[in-house]
K.L.:
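Questions regarding the structure given below will be posed in turn.
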Amino acid sequence: MPLVFLLTSNKTIMSLHVYRPISFLIIAVGIFLSGCVKETYFGKSTYKKVLYFTMPGQSATTVIDHDQLTIKLLVDAASDLTKLYPDSIRLSTFAHITPGVNIPQDFTNPVNYTVTAEDGSIAVYKVEVTRQSATPQITNSNFDSWYTPPGKNYKQPGMDMNTDWATGNAGVVTLGAANTTPVEVSSGDFAAQMVTRDLGVLGQVTGQRMGAATLFTGTFTLDISNPLNSPKFGIAFTARPKSFSVDFKYSPGTPYKNGRGQELVKKDSCDIYLLLENRNNNVNKRIATAWFRSGDSASTFTRITIPLLYGNLPAETPGYQFPENGLFALAGEPVTHLTIVFASSAYANLFEGGVNSILVVNNLSLNY
């Protein structure tokens with residue numbers, strides 16, 4: 001992701017210097033008032049939202065609708081709906097929920113979960129659990145749906161915040177325009193376009209001049225102190241596809257620059273890959289790998305099918321395809337997560353790439 005975050009950080013630092021006397025005054029007044037005002041002076045909290053709700057064996061992202069008070073989940077096709085339970089729930093501050101985590105319920109029919117705010121008011125969420133098919137697809141894998149996040153001026157793939165897809169747009173826009181965007185390829189048919197951008201001297205100061213565009217399954221939360229920690233790759237998933245297919249176009253840009261803005265004698269490449277993992281007790285083990293990396297130009301849409309290789313990778317496999325921790329799952333260990341990544345420059349993590357390298361993808365499908 002492009003490290004345009006230095007600008008934000010510097011602004012924050014500058015504001016602390018400029019307004020330090022005022023800040024101290026506000027803090028002092030706050031301390032004084034805290035000794036005089038009762039804890040309930042401003043009233044008890046009325047907030048009672050379910051912010052996060054997951055289950056073991058879940059597939060795809062939980063869909064939470066705060067207006068309709070519904071929570072919808074997909075679980076593995078072999079799951080016993082009569083003995084399911086949430087293993088993680090996050091609520092509004094000071095709220096509590098019944099029934100709680102790790103308490104089995106019969107989800108053959110929807111189950112009501114009551115959230116009680118600090119002030120005693122309640123919201124009753126209806127939790128619906130459905131078994132996933134044996135051959136599931138990723139939602140919005142045709143990239144036709146895009147939404148505008150609250151308070152933002154760019155679009156993200158999906159119908160709303162309950163999406164399986166994420167981008168690095170939240171980081172890029174601090175220095176310019178979003179670089180993962182929808183593009184209409186024919187009437188009503190949209191694709192995802194990714195462009196590697198030269199972020200200029202502000203990015204260069206911290207060695208992060210080139211900002212590759214990415215589209216991936218997971219979430220993105222801006223981490224200014226460690227931008228590479230901003231993306232969280234992977235979504236809950238339990239199936240075992242044999243391969244995946246996608247339509248793509250690619251144009252490697254020039255010149256090729258590193259994070260310091262130096263031009264290198266190097267050709268850019270796009271990255272397209274899918275990983276299946278077993279994640280248990282904070283240990284990630286690779287189950288299957290499918291990887292496509294190419295610097296060849298493709299001016300019209302080309303459909304590629306990449307087979308998934310289950311188990312250890314052959315010794316002659318390029319090093320970048322191996323898991324960073326070197327761990328592969330044993331035969332028979334269940335799939336818990338799926339990661340799909342598209343990047344306009346293969347070495348996005350090194351903040352280098354070709355200026356205006358363009359990757360466009362459409363119509364992703366998992367093959368069983």
Side-chain angles (χ1 to χ4, degrees), residues 1-11 61 138-185 189-204 206 208-224 226-233 235 246 248-253 257 259 268 270-272 340-362 364:
M1 306 300 159
L3 295 189
V4 296
F5 320 126
L6 178 65
L7 178 62
T8 303
S9 178
N10 284 347
K11 283 185 176 178
T61 304
I138 309 302
T139 57
N140 195 37
S141 55
N142 58 7
F143 308 115
D144 282 342
S145 297
W146 296 75
Y147 73 100
T148 302
K152 306 299 181 181
N153 62 355
Y154 56 84
K155 292 185 178 295
Q156 291 284 85
M159 295 292 294
D160 52 35
M161 299 290 286
N162 297 299
T163 176
D164 289 333
W165 297 99
T167 74
N169 284 339
V172 178
V173 295
T174 59
L175 277 185
N179 61 352
T180 299
T181 58
V183 57
E184 192 168 21
V185 295
D189 180 15
F190 290 86
Q193 177 174 277
M194 289 150 274
V195 182
T196 299
R197 299 195 189 282
D198 184 338
L199 299 176
V201 293
L202 287 177
Q204 181 174 321
T206 54
Q208 302 151 7
R209 178 156 182 162
M210 298 305 297
T214 55
L215 170 66
F216 60 93
T217 54
T219 59
F220 184 95
T221 302
L222 189 59
D223 185 340
I224 295 176
N226 182 13
L228 288 178
N229 191 48
S230 297
K232 299 292 188 264
F233 296 102
I235 58 173
V246 68
F248 89 106
K249 296 194 297 184
Y250 187 61
S251 173
K257 296 182 180 182
D268 206 359
C270 65
D271 245 3
I272 298 174
I340 299 173
V341 176
F342 302 102
S344 56
S345 294
Y347 290 98
N349 61 318
L350 300 180
F351 304 102
E352 62 178 52
V355 178
N356 293 326
S357 290
I358 301 175
L359 172 65
V360 186
V361 295
N362 201 13
L364 168 75

K.L.:
Less than 4.5 Å apart, any side-chain heavy atom of Met210 and any of Asp198?
P.N.:
yes

K.L.:
Is there a side-chain contact (heavy atoms from CB on, under 4.5 Å) between Thr181 and Tyr154 once you walk through the steps?
P.N.:
CA-CA 8 Å; Thr181 58; Tyr154 56 84; over 6 Å; no

K.L.:
Please identify which of these residues, Thr139, Thr219, Asn140, meets the side chain to side chain donor-acceptor pair (under 3.5 Å) condition with Asp164.
P.N.:
Thr139

K.L.:
Please round to the nearest 0.5 Å and tell me the distance separating atom CZ of Phe233 and atom OG1 of Thr214.
P.N.:
6.5 Å

K.L.:
List the atom of Gly171, the atom of Phe220, and the distance in Å for their closest heavy-atom pair.
P.N.:
N-CE2, 4.0 Å

K.L.:
Regarding Thr167 and Gln156, is there a side-chain donor-to-acceptor distance under 3.5 Å anywhere?
P.N.:
yes

K.L.:
Could I get the full list of side chain to side chain donor-acceptor pair (under 3.5 Å) partners for Asp189, not counting sequence neighbours?
P.N.:
Asn362

K.L.:
Just how far is it from atom OG1 of Thr180 to atom CG of Leu359, taken to the nearest 0.5 Å?
P.N.:
9.0 Å

K.L.:
Can you tell me how far OH of Tyr147 sits from CG of Asn162, rounded to the nearest 0.5 angstrom?
P.N.:
8.5 Å

K.L.:
Which pair of non-hydrogen atoms, one from Met159 and one from Ser145, has the smallest distance, and what is that distance?
P.N.:
SD-OG, 3.3 Å

K.L.:
Hey, could you give me the CD1/CG distance between Ile138 and Leu364, rounded to the nearest 0.5 Å?
P.N.:
7.0 Å

K.L.:
Between Ser357 (side chain only) and Gly253 (backbone N and O only), is there a donor and an acceptor less than 3.5 Å apart?
P.N.:
yes

K.L.:
Which atoms form the tightest heavy-atom contact between Pro182 and Lys155, and what is the distance?
P.N.:
CG-CD, 4.1 Å

K.L.:
What verdict does the side-chain contact (heavy atoms from CB on, under 4.5 Å) test give for Val246 and Phe342, after you've listed the backbone C-alpha separation in whole Å, the side-chain angles of each residue and the deciding distance to 0.1 Å?
P.N.:
CA-CA 11 Å; Val246 68; Phe342 302 102; 4.2 Å; yes

K.L.:
Can you name the nearest heavy-atom pair linking Met194 to Ala343, along with the distance?
P.N.:
SD-N, 4.4 Å

K.L.:
How close do Ser344 and Tyr250 get, heavy atom to heavy atom, and via which atoms?
P.N.:
O-OH, 2.9 Å

K.L.:
To the closest 0.5 Å, what do you measure between CG (Leu199) and NZ (Lys257)?
P.N.:
10.5 Å

K.L.:
To the nearest 0.5 Å, tell me how far Arg197 CZ sits from Asn356 CG.
P.N.:
7.0 Å

K.L.:
Do Trp165 and Thr217 make a side-chain contact, defined as non-hydrogen atoms from C-beta onward lying under 4.5 Å apart?
P.N.:
yes

K.L.:
Can you establish whether the number of heavy atoms outside Lys232 located under 6.0 Å from its atom NZ is more than 12?
P.N.:
yes

K.L.:
Show the nearest heavy-atom pair for residues Gly353 and Ser345, with the distance to one decimal.
P.N.:
CA-OG, 3.7 Å

K.L.:
Counting C-beta onward and ignoring hydrogens, is there a side-chain heavy-atom pair between Leu215 and Phe143 closer than 4.5 Å?
P.N.:
yes

K.L.:
Please walk me through it: do Asn169 and Asn179 pass side-chain contact (heavy atoms from CB on, under 4.5 Å)?
P.N.:
CA-CA 6 Å; Asn169 284 339; Asn179 61 352; 3.5 Å; yes

